[in-house]
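Heads up: the structure comes next, in structure tokens.
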Amino acid sequence: GCVGKDKYSEELQRCCEQDGVETYYLETEEAPTGTCAVLVYEKERTLIANLGAANLYKHAHTQSAEMQQVIAKAQVYYCAGFPLSTPEGK
């Protein structure tokens with residue numbers, strides 16, 4: 001995904017590292033890291049998302065030699081639908 005260069009991306013990176021998760025985010029200064037408010041009531045939930053930098057993800061990020069190595073060696077992939085909402089994904 002794409003994150004902004006801000007306190008939210010720093011926190012996200014710190015939490016991932018604490019849990020042993022390697023990340024290879026595309027970073028941008030064009031928008032802040034996306035945020036989301038989650039409301040849970042009994043068994044129901046609703047999300048209010050500000051996608052922020054997630055809307056700026058570029059497919060080219062996956063094409064570098066470094067990222068191609070990461071992709072080839074990965075055992076687990078986590079993908080969300082947000083890239084589909086970017087101009088490149090439409």
Just so I know, are the side chains of R14 and E10 near enough to count as touching, which here means a heavy-atom distance under 4.5 Å? no
Looking at K5, is its backbone amide N or carbonyl O close enough to the side chain of E29 to form a donor-acceptor pair, meaning the two atoms are under 3.5 Å apart? no
How about Q63: does its CD atom have over 12 heavy atoms from other parts shown lying under 6.0 Å from it? yes
Which residues pass the side chain to side chain donor-acceptor pair (under 3.5 Å) test with S64, sequence neighbours left out? none
Can you tell me how far apart NE2 (H61) and CG (L56) are? Round to the nearest 0.5 Å. 13.0 Å
Sequence neighbours excluded - side-chain hydrogen bond (donor to acceptor under 3.5 Å, both in side chains) pairs with any residue from residues 31-51: D6-T33
Does L26 reach the side chain of V3, with side-chain heavy atoms less than 4.5 Å apart? no
In the structure I gave you, are the side-chain heavy atoms of I48 and L39 within less than 4.5 Å of one another anywhere? yes
What are the two closest non-hydrogen atoms of A53 and G4, and how far apart are they? CB-N, 3.6 Å
Not counting sequence neighbours, which residues clear side chain to side chain donor-acceptor pair (under 3.5 Å) with E22? List them please. Y24
Side-chain contact test, heavy atoms from C-beta onward, threshold under 4.5 Å: evaluate it for T28 versus Y57 and give yes or no. no
Out of curiosity, does L47 fall in the hydrophobic cluster containing L51 (side-chain heavy atoms, cut-off under 4.5 Å, transitive links)? no
What is the distance from atom CD1 of I71 to atom CD of E66, rounded to the nearest 0.5 Å? 10.5 Å
Is the shortest side-chain heavy-atom distance between Q13 and Y25 below 4.5 Å? yes
To the closest 0.5 Å, what do you measure between SG (C2) and CD (E27)? 8.5 Å
